[in-house]
Asks: 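After the structure tokens below, expect a handful of questions from me.
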Amino acid sequence: MEYTEIMVRYGELSTKGKNRKDFIKQLGKNVRHSLHDFPGLDIRAQYDRLHVALNGTPAQPVMNRLKGVFGIENFSPMIKLEKDFDQVKATALQMVQAQYKPGMTFKINTKRQDHHFEYDTNQINDKLGGHILRNVPGIEVQMKQPDIMIKVEVRLNGIFLTSETIKGAGGLPVGTGGHAVMMLSGGIDSPVASYLGMKRGVKLDMVHFFSPPYTSEQALAKAKELTSKIAGYAGSIQFVQVPFTKAQEDIKEKVPEGYLMTIQRRMMLRITAAIAQLRGAKGVFTGESLGQVASQTLESMLAINDVTTMPVLRPLVSMDKTEIIKIAEQIDTYELSILPFEDCCTIFTPPAPKTRPDLEKTRNFEKLIDVDALMKEAIDGIQVCNIKPGENFMNQQEDVFAELL
């Protein structure tokens with residue numbers, strides 16, 4: 001079928017009362033950003049529904065992108081027709097014939113905005129139903145839970161038909177739940193935590209620590225491509241690249257081995273919280289899961305959180321690895337996350353890190369480094385870029401490598 005429009009139905013935001021208008025405005029903005037690379041679309045976010053006029057653009061790629069935009073309950077591809085009832089009957093029959101298998105049932109469901117149209121709701125249901133019964137041998141009408149539902153909307157500007165309802169991502173439009181930053185590594189967990197944070201409407205900036213020559217350009221490209229993967233849920237994401245080589249080298253040189261990881265994580269959180277404040281964000285998200293690795297015990301979290309009063313949110317805190325991997329596979333970040341490129345969290349890892357660091361000892365060991373100077377150097381060197389859905393950074397690295405050869 002050659003569809004002309006996609007009709008989007010709102011999810012949880014429909015219950016937001018006086019704030020509904022702001023939620024719908026934000027969803028419209030996010031949809032436009034998410035569909036930035038489809039020229040010719042006309043996107044209108046109205047009070048009850050959002051409409052995407054395709055204007056000749058194939059529907060399937062657009063629908064694939066819409067599946068990932070938070071705030072959408074479901075959507076339907078539609079065909080717009082002139083108010084010619086013979087054309088309506090022919091199109092409804094085509095829809096049924098395209099889906100029908102022996103034993104299936106159907107129903108016609110009509111809504112009429114244009115009350116001057118020649119037939120009322122019941123007449124449209126009867127006439128279309130009769131036409132289908134006469135032309136599809138063996139099909140039967142079923143009023144409750146039919147196999148095929150043909151929905152007809154008689155609007156002022158035409159008649160719209162659909163026979164498919166596709167589930168959306170649900171949740172709240174990104175940007176309606178406040179602004180925070182995400183500590184994004186190149187692993188499995190932080191992209192999943194980002195996804196869950198954005199599902200509650202939080203606008204996230206990605207903060208990624210980069211330590212050349214210990215971490216490679218491929219590792220940086222991987223983090224950017226992970227950001228591009230999850231940008232579809234938000235429309236676009238700001239990526240903040242933080243140089244961390246000097247801080248890591250100083251920590252490794254001056255801090256006792258057992259506390260290297262704790263002091264390193266404290267420094268990363270200090271810098272991230274400072275970046276959050278500079279960018280007007282109100283919290284820090286991480287991909288930590290309680291007890292998963294040595295740095296994720298309650299004692300470690302206490303010692304690391306000690307450096308900031310800003311809220312530190314951990315969407316994965318009670319999940320096991322199997323649950324996290326399942327979500328990573330669903331959002332298509334898993335295969336990219338397991339590519340073997342070192343990130344800041346894995347270099348200089350001591351063989352026996354403290355799993356239950358003492359808070360007072362941690363504070364004293366941190367005095368061995370110049371915290372303020374290292375923070376200033378890192379923050380002064382940050383680079384920020386805007387990443388959109390569908391951008392491919394790993395291929396760019398492969399092309400550069402091929403040219404060097």
Side-chain angles (χ1 to χ4, degrees), residues 1-11 24-46 49-80 164 166-176 182 184 191 194-195 198-199 201 203-206 208 220-241 328 330-337 383-400:
M1 305 296 294
E2 186 174 342
Y3 295 104
T4 56
E5 175 183 309
I6 299 170
M7 183 184 69
V8 175
R9 302 175 186 88
Y10 305 137
I24 292 171
K25 182 179 179 181
Q26 184 65 51
L27 178 60
K29 180 180 178 181
N30 293 349
V31 169
R32 290 184 187 95
H33 285 165
S34 185
L35 300 175
H36 70 98
D37 50 351
F38 293 95
L41 299 181
D42 180 19
I43 300 166
R44 291 166 286 120
Q46 299 176 340
R49 293 169 185 171
L50 182 144
H51 300 274
V52 181
L54 295 169
N55 297 322
T57 302
Q60 194 59 54
V62 175
M63 292 193 292
N64 290 342
R65 192 70 61 80
L66 286 174
K67 288 178 184 177
V69 179
F70 288 126
I72 294 176
E73 181 68 20
N74 56 57
F75 56 89
S76 297
M78 308 191 81
I79 296 177
K80 178 183 178 181
E164 188 176 5
I166 299 164
K167 183 177 176 59
L172 297 171
V174 173
T176 60
M182 176 77 212
L184 181 79
S194 303
Y195 165 82
M198 290 191 294
K199 190 171 185 179
K203 177 184 181 292
L204 290 176
D205 299 337
M206 300 298 154
H208 178 73
L220 179 61
K222 174 183 169 183
K224 288 183 176 181
E225 191 152 327
L226 283 169
T227 300
S228 180
K229 288 275 188 184
I230 55 181
Y233 299 102
S236 64
I237 293 177
Q238 292 272 292
F239 184 89
V240 183
Q241 177 183 325
Q330 290 172 352
I331 65 175
D332 194 30
T333 58
Y334 178 73
E335 294 298 330
L336 184 57
S337 291
Q383 297 179 36
V384 181
C385 64
N386 193 54
I387 294 180
K388 297 178 180 179
E391 293 190 78
N392 193 314
F393 296 92
M394 296 300 290
N395 283 355
Q396 292 176 16
Q397 283 300 310
E398 291 172 5
D399 291 344
V400 169

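Only this structure's heavy atoms are used, side chains among them; waters, hydrogens and symmetry mates stay out. Because the structure is predicted, anything quoted here is derived from the model rather than measured.
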Asks: What do the steps show when you test Y10 against I24 for side-chain contact (heavy atoms from CB on, under 4.5 Å), and what is the final call?
Replies: CA-CA 8 Å; Y10 305 137; I24 292 171; 3.4 Å; yes
Asks: What's the spacing between T333 OG1 and K222 NZ if we round to 0.5 Å?
Replies: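 Going from OG1 on T333 over to NZ on K222, the span is 10.5 Å.
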Asks: Please find the pair of heavy atoms, one from G28 and one from A45, that lie closest to each other, and give the distance.
Replies: CA-CB, 4.0 Å
Asks: Given side chains that start at C-beta, do those of S236 and H36 come closer than 4.5 Å, heavy atoms only?
Replies: no
Asks: Indicate the atoms forming the closest heavy-atom contact of S194 with L184, along with that distance.
Replies: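 Nearest pair, atom of S194 first, then L184: OG-CD1, 4.4 Å.
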Asks: With a 3.5 Å distance limit and no angle check, can you tell me whether R65 reaches the backbone of S34 through a side-chain donor-acceptor pair?
Replies: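 Answer holds: yes.
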Asks: Test of understanding: with salt bridge (charged side-chain N to carboxylate O under 4.0 Å, His left out), list the residues that count as partners of K224, not counting sequence neighbours.
Replies: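 Result, salt bridge (charged side-chain N to carboxylate O under 4.0 Å, His left out) vs K224: none returned.
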Asks: Can you name the residues that form a side-chain hydrogen bond (donor to acceptor under 3.5 Å, both in side chains) with Q383, not counting sequence neighbours?
Replies: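 For Q383 there are no side-chain hydrogen bond (donor to acceptor under 3.5 Å, both in side chains) partners, ignoring immediate neighbours.
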Asks: Please round to the nearest 0.5 Å and tell me the distance separating atom CG of N392 and atom NZ of K229.
Replies: 8.5 Å
Asks: Do the rings of F70 and Y233 sit parallel, tilted or perpendicular, given the 30° and 60° boundaries?
Replies: parallel
Asks: So do the side chains of N55 and L41 get within less than 4.5 Å of each other, counting heavy atoms only?
Replies: no
Asks: Any side-chain to backbone donor/acceptor pair from E225 onto M394? Under 3.5 Å, distance only.
Replies: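 Flag set: sc E225 to bb M394 pair under 3.5 Å.
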Asks: Take I230 and M198 through the side-chain contact (heavy atoms from CB on, under 4.5 Å) test and state the conclusion after the steps.
Replies: CA-CA 9 Å; I230 55 181; M198 290 191 294; 3.9 Å; yes
Asks: Run the side-chain contact (heavy atoms from CB on, under 4.5 Å) test on I72 and L27 for me, step by step, so that the C-alpha distance in whole Å, both residues' side-chain angles and the decisive distance to 0.1 Å come before the verdict.
Replies: CA-CA 8 Å; I72 294 176; L27 178 60; 4.1 Å; yes
Asks: With M78 as reference, evaluate E164, M7, H51 under the side-chain contact (heavy atoms from CB on, under 4.5 Å) test and give the passing residue.
Replies: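 Among E164, M7, H51, the one that satisfies the side-chain contact (heavy atoms from CB on, under 4.5 Å) with M78 is M7.
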Asks: Answer whether the closest heavy-atom distance between the side chains of V384 and V240 falls below 4.5 Å.
Replies: yes
Asks: Taking all atoms of both residues into account, what is the closest heavy-atom pair of S337 and L226, and its distance?
Replies: OG-CD2, 3.5 Å
Asks: Are F75 and K67 side-chain neighbours, meaning at least one heavy-atom pair lies under 4.5 Å?
Replies: yes
Asks: So does K388 pair up with D37, basic N to acidic O under 4.0 Å?
Replies: no
Asks: So, taking the atom named OG1 in T57 and the one named CG in L35, what distance separates them when rounded to the nearest 0.5 Å?
Replies: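 If we round to the nearest 0.5 Å, T57:OG1 and L35:CG are 9.5 Å apart.
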Asks: Does one side chain, of H208 or Q241, offer a donor that lies under 3.5 Å from an acceptor on the other?
Replies: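 Result is no, nothing qualifies.
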Asks: Hey, does V62 have a side-chain heavy atom less than 4.5 Å from the side chain of I6?
Replies: yes
Asks: Taking side chain as C-beta onward, heavy atoms only, is P77 less than 4.5 Å from I166?
Replies: yes
Asks: Who passes side-chain contact (heavy atoms from CB on, under 4.5 Å) against P61, sequence neighbours left out?
Replies: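 Residues passing side-chain contact (heavy atoms from CB on, under 4.5 Å) with P61: F38, P58.
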Asks: Considering residues at least two apart in sequence or located in another chain, which fulfil the side-chain contact (heavy atoms from CB on, under 4.5 Å) criterion with S228?
Replies: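 In terms of side-chain contact (heavy atoms from CB on, under 4.5 Å), with neighbours along the sequence ignored, S228 is linked to I387, E391, F393.
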Asks: Taking atom CD as the centre, does Q46 end up with more than 12 heavy-atom neighbours from other residues, nucleotides or ligands that are less than 6.0 angstrom away?
Replies: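 Counting other residues, nucleotides and ligands, CD of Q46 exceeds 12 neighbours.
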Asks: What residue among V174, T176, I237 forms side-chain contact (heavy atoms from CB on, under 4.5 Å) with K203?
Replies: V174
Asks: Mind checking the CD-NZ spacing from Q26 to K29? Nearest 0.5 Å is all I need.
Replies: 5.5 Å
Asks: Just to verify, what does R9 make a side-chain hydrogen bond (donor to acceptor under 3.5 Å, both in side chains) with, not counting sequence neighbours?
Replies: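 Partners of R9 by the side-chain hydrogen bond (donor to acceptor under 3.5 Å, both in side chains) criterion, ordered by chain and then number, come out as N74, S76.
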Asks: Can you list the residues that meet the side-chain hydrogen bond (donor to acceptor under 3.5 Å, both in side chains) rule with N386, with sequence neighbours excluded?
Replies: Q238
Asks: Does D42 use its side chain to pair, donor to acceptor, with the backbone of A53 at less than 3.5 Å?
Replies: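 Absent.
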